[in-house]
Q: 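Structure incoming, see below.
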Amino acid sequence: MKRVSAFVRRYASLGAVSLMATGLLAGCVSHPPRDDYVVFFDKDSVTLSPTGEAIVASAVSAAQKRHISQITVSGSAGKNEDPDVLKKLADARAENVIDVLVKDGIGRDDIRKEAFVPTSVEESRVALRRVTVHLGSH
């Protein structure tokens, strides 16, 4: 038992050092830059939450760091109600996001608004209550 205990004491610090090195190196892993930033809205709401404003600020920061001058904003409101009402709601959401982009430093002329067309994967009600900010052109 004494041999096992001495072995553990001798090599435990080596194991701890290797775990710390692994953790530090994991932080150095490079991730490809994001192109899409998604802001979700409450049902029938056009108001950005503090989280939504932070997401838009992240998109602005990324666009400025990467010198991106073309941003596409597409809003969505749903699909199972009056299409005219949903279009107005989606447009209002997109316009509010555009206003925050401009307030945070993006030129209005650099922003293009387009309609959001969901794919079959994006049929949930939550997924359709969003605005997507895409950095770059489509």
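Along the sequence shown, residues are numbered consecutively beginning with 1. None of these values were measured; they are calculated from a predicted model.
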Q: With side-chain hydrogen bond (donor to acceptor under 3.5 Å, both in side chains) as the test, would you mind laying out the steps for H134 and D36 before giving the verdict?
A: CA-CA 5 Å; H134 179 79; D36 292 316; 2.6 Å; yes

Q: Nearest 0.5 Å, please: how far is OH in Y37 from CD1 in I71?
A: 10.0 Å

Q: With the side chain counted from C-beta on, respond yes when F41 and L89 share a heavy-atom pair under 4.5 Å apart, and no when they do not.
A: no

Q: Please report the shortest heavy-atom distance between D104 and A57, naming the atom on each side.
A: OD2-CA, 3.8 Å

Q: If you apply the rule side-chain contact (heavy atoms from CB on, under 4.5 Å), what do you find for L101 with V60, and how did you get there?
A: CA-CA 7 Å; L101 286 166; V60 169; 3.6 Å; yes

Q: Between the side chains of R112 and E114, is the shortest nitrogen-to-carboxylate-oxygen separation below 4.0 Å, so that they form an ion pair?
A: yes

Q: Checking side chain to side chain contact (heavy atoms under 4.5 Å, CB included) between V131 and each of V97, V46, I55, which is the one that passes?
A: V97

Q: Let me confirm one number: the CD1-CG distance from I111 to D99, rounded to the nearest 0.5 Å.
A: 8.5 Å

Q: Is there a chain of hydrophobic side chains (I, L, V, M, F, W, Y, each step under 4.5 Å between heavy atoms) that links I68 to V102?
A: yes

Q: Under 4.0 Å between a side-chain nitrogen and a carboxylate oxygen: does that hold for K87 and D91?
A: yes

Q: Please give me the minimum heavy-atom distance between V39 and G52, naming the atom from each residue.
A: CG1-CA, 3.8 Å

Q: D110 versus Q70: any side-chain heavy-atom pair under 4.5 Å?
A: no

Q: How close do A59 and V133 get, heavy atom to heavy atom, and via which atoms?
A: CB-CG1, 4.1 Å

Q: Report the distance from atom CZ of R108 to atom NZ of K113, rounding to the nearest 0.5 Å.
A: 10.0 Å

Q: Could you tell me which non-hydrogen atom of G136 sits nearest to which non-hydrogen atom of T72, and how far apart they are?
A: O-OG1, 3.6 Å

Q: Say whether, by atom type as modelled, one donor and one acceptor occur between the side chain of R93 and the main chain of S45 under 3.5 angstrom.
A: yes

